[in-house]
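Here is the structure we will look at.
Computed over heavy atoms, backbone and side chain alike; hydrogens, waters and symmetry mates excluded.
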Amino acid sequence: MENLSMEGVSIYELDSDDDNYNENFQEEIAKKHRFDRLLFPRDFPGANSKERMEHLISITEEVPGTNGGVRITKESVNEKGFGMTVGSALAAERERMRELWGEYGDLPYNPLVSLNYAMWIGDDLLARPVDYSYDRGDNPEKGYSELVQIGDGSLLPGLEEALLLMTQGSQHFVICQPQWAYGKWGILPRIPGNAVIVFQVYIKFITFEIEDRFRKMPMKDRAKIPLRTILATCIMLRSQAKQMFEKASEVKRKVNRSTGEETYKKTGLNIGNYHGAERSGELLNLAVDILERACLKNLDEEIEMRKMMINLHTDACLSWRKAKPILYKKGIEHGERCMLHFEELKEIFLRDEDEDQKRFNEFLKSFYSRLTRTRRNLMELYSRDIFNSFDDARRMYESFQDDLHDEDLPYKNFIKTEDKVVMKRMNDKINKRKENWLKQQAGLDEFLDEEDESVLAPADQAGAKGDEKFKVTQINAKKYNLAKSIEELHQEDAMGAPDNLPPGGSYTYYKNFIDDLVRAPDRTGHLFSNHYTSKVAIKFIIAYADSRGLKSFLRVCDGERNLVVTKDETKESSLLGRV
């Protein structure tokens, strides 16, 4: 924390333009209550600095071990704060590091603390702060939060002793005598010699566990932590992710056709709620993030790192597959990265043909099944977007087939009969999905063709450009029964795969979409893609939009048909092609 260190020079930055600083200072403190911004309240006791200091001494107590050199308010002045103190966090992490990895000696265990602060000279407590975190950063309302590491010598010793007694969310006044602050000489001209320093400090958060600290450490500190320590942390996170995942994801859904009520029932392992799978994926993301920051010292460590990456990415691919359908692309990202690490390890093992060939066989024995599992998950994930990603889904199956018939590398020795059956089944599944999608598109085009023949308004009245390749016609919404379309939408969802449903189901998704369109003052319309919207969904959208006072149009452009829903067709020049 440079600003509060003995060598800190940023204090001088406040001298650059005193007049502007005074103006900005008064303007900023007027935006929010002074106390919340770590300033003295206007009714704070003390008509002068001496009286104010006397009151501060009366509401503070001596910090143990400082012989009166540091004082801190007896309780948090904002009546908040929770959890363990910074000192307890430091002691707990130091003990945990020694228990888990004592064989490596003392590893960095210093917690990280994010804080805002204001600092005054004790003889001038009625003036503006000498140093003030709300004067820095791009957002004056939030200020610039300092992230400091306890115990690394970057803080004034008196302030560090006081922070050890504070909890997350707490706010305290701290008084530091000169020997616990800037000493006999100070930092002229801003800090005089032998100055008593007064702080008001607010702790935003405390980070003390290694899985949180490691990502924020500078490289010189990360280099001190052995890879085995990081791998052990990743194993711990992976275990926690597994526990969360076993509570999660798909459910069997039933819809009461009379009331529209939806019920959900567990059907087996990894079946339950989307949140469990999502939380599992987040924990695995954290493990990957930590491992990517590990400092590797040799090739053997790189191999161990990549093996763990394969495990983490394989699990994460499955977790995001089971999470909310809208998050499926995160699963694709992890799956592709898993295969990348597999290829990198293959290149490492095959550089030499003798000893490395043996290591490669051992590697395949342990990890090829995970590659197969990842390919299968990627096939399912890619097939959720048939229009854009079906070729990628097929690529996964073709890669598996290539390995099965590879005469140069011994992949087939590690492919089980069960793997062949499961991959064949998944290939049949994605082909079936494409077949159903093509039927859906054919039905949708037929439906829109019917609408084209039974329009209420001629193309020229609907605002078409007069080009045969471009035509806009208004749809007669009155011929669609809203209650019937809702029932059909529920029926379609009940027959579909849970992975392919919008969040909350199609009815909730499209209803909320139309409601948001009605409420949004800056939106006048929306074009629905004919590649992703089913015939049943389009009927519901037309009927429900009509009930909310919106108009529906068929837009034909270069042979492609789309549904446009709008509040005011005269303003939709971009969607309806007005000139």
Is it true that a side-chain atom of [X] and a backbone atom of [Y] form a donor plus acceptor pair closer than 3.5 Å?
X: Glu278; Y: Ala323; answer: no
X: Thr85; Y: Ser88; answer: yes
X: Ser280; Y: Gly276; answer: no
X: Asp289; Y: Asn285; answer: no
X: Arg394; Y: Phe390; answer: no

Heavy-atom pair of closest approach, residues [X] and [Y]:
X: Leu296; Y: Met305; answer: CD1-CE, 3.8 Å
X: Ser319; Y: Ala277; answer: O-CB, 3.5 Å
X: Leu378; Y: Gly335; answer: CD1-C, 3.7 Å
X: Gly169; Y: Tyr202; answer: O-CE1, 3.3 Å
X: Ala294; Y: Leu227; answer: CB-CD1, 3.9 Å
X: Met396; Y: Met423; answer: O-CE, 4.4 Å

Quiz item: Just checking, is any N or O donor in the side chain of Asp403 or Tyr368 under 3.5 Å from an acceptor N or O on the other one?
Solution: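 Indeed, the side chains of Asp403 and Tyr368 share at least one donor-acceptor pair under 3.5 Å.
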
Exercise. Would you tell me whether Asp315 and His334 have side-chain atoms, one donor and one acceptor, within less than 3.5 Å of each other?
Key: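 Looking only at side-chain atoms, His334 and Asp315 do not form any donor-acceptor pair under 3.5 Å.
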
Can we say [X] and [Y] salt-bridge, meaning some charged N sits less than 4.0 Å from an Asp/Glu carboxylate O?
X: Asp516; Y: Arg519; answer: yes
X: Glu398; Y: Arg375; answer: no
X: Arg395; Y: Asp392; answer: yes
X: Glu333; Y: Lys329; answer: no
X: Glu362; Y: Lys365; answer: no
X: Glu418; Y: Arg376; answer: no
X: Arg228; Y: Glu301; answer: no

Heavy atoms, side chains only, cut-off 4.5 Å: are [X] and [Y] in contact?
X: Val536; Y: Gln491; answer: no
X: Leu381; Y: Cys317; answer: yes
X: Asn311; Y: Phe367; answer: yes
X: Arg321; Y: Arg384; answer: yes
X: Asn377; Y: Trp320; answer: no
X: Ile303; Y: Phe349; answer: yes
X: Arg238; Y: Lys242; answer: no
X: Met309; Y: Leu291; answer: yes

Self-check item: Aromatic plane relationship, Tyr117 with Phe199 - under 30° parallel, 30 to 60° tilted, over 60° perpendicular
Solution: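 The rings of Phe199 and Tyr117 stand perpendicular, inter-plane angle above 60°.
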
With rounding to the nearest 0.5 Å, note down the distance linking [atom1] in [X] to [atom2] in [Y].
X: Ile386; Y: Asp391; atom1: CD1; atom2: CG; value: 10.0 Å
X: Ile310; Y: Ser366; atom1: CD1; atom2: OG; value: 10.5 Å
X: Gln149; Y: Leu112; atom1: CD; atom2: CG; value: 5.5 Å
X: Leu350; Y: Leu345; atom1: CG; atom2: CG; value: 10.5 Å
X: Ile332; Y: Leu327; atom1: CD1; atom2: CG; value: 11.5 Å
X: Ile150; Y: Glu161; atom1: CD1; atom2: CD; value: 10.0 Å

Practice problem: Run the numbers on Phe342 and Arg370 for side-chain contact (heavy atoms from CB on, under 4.5 Å), then give the verdict. | Solution: CA-CA 10 Å; Phe342 188 92; Arg370 303 193 70 78; over 6 Å; no

Exercise. Answer yes or no for Arg523 and Phe513: cation-pi contact, defined as NZ/CZ to six-membered ring centre under 6.0 Å and angle to ring axis within 45°.
Key: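 Here Arg523 passes the 6.0 Å and 45° test against Phe513.
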
Quiz item: Could you go step by step and tell me if Lys80 and Gln171 meet the side-chain contact (heavy atoms from CB on, under 4.5 Å) rule?
Solution: CA-CA 8 Å; Lys80 298 179 182 178; Gln171 182 173 325; over 6 Å; no

Quiz item: Taking it one step at a time, do His313 and Leu340 satisfy side-chain contact (heavy atoms from CB on, under 4.5 Å)?
Solution: CA-CA 10 Å; His313 285 306; Leu340 179 62; over 6 Å; no

Practice problem: Step through it carefully: locate the ring centre of Tyr507, locate the ring centre of Phe540, and say whether they are under 6.0 Å apart. | Solution: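 Judged by ring-centre distance (under 6.0 Å), Tyr507 and Phe540 do meet the cut-off.
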
Quiz item: For the rings on Phe400 and Tyr411, is their centre-to-centre separation under 6.0 Å?
Solution: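 When the ring centroids of Phe400 and Tyr411 are compared, they turn out to be at least 6.0 Å apart.
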
Self-check item: Stepwise salt bridge (Lys or Arg N to Asp or Glu O under 4.0 Å) check, Arg337 with Glu344
Solution: CA-CA 11 Å; Arg337 291 174 69 183; Glu344 291 288 344; over 6 Å; no

Quiz item: After noting the C-alpha distance and the side-chain angles of Lys424 and Tyr397, does the key distance pass the side-chain contact (heavy atoms from CB on, under 4.5 Å) rule?
Solution: CA-CA 8 Å; Lys424 177 66 167 58; Tyr397 186 69; 3.8 Å; yes

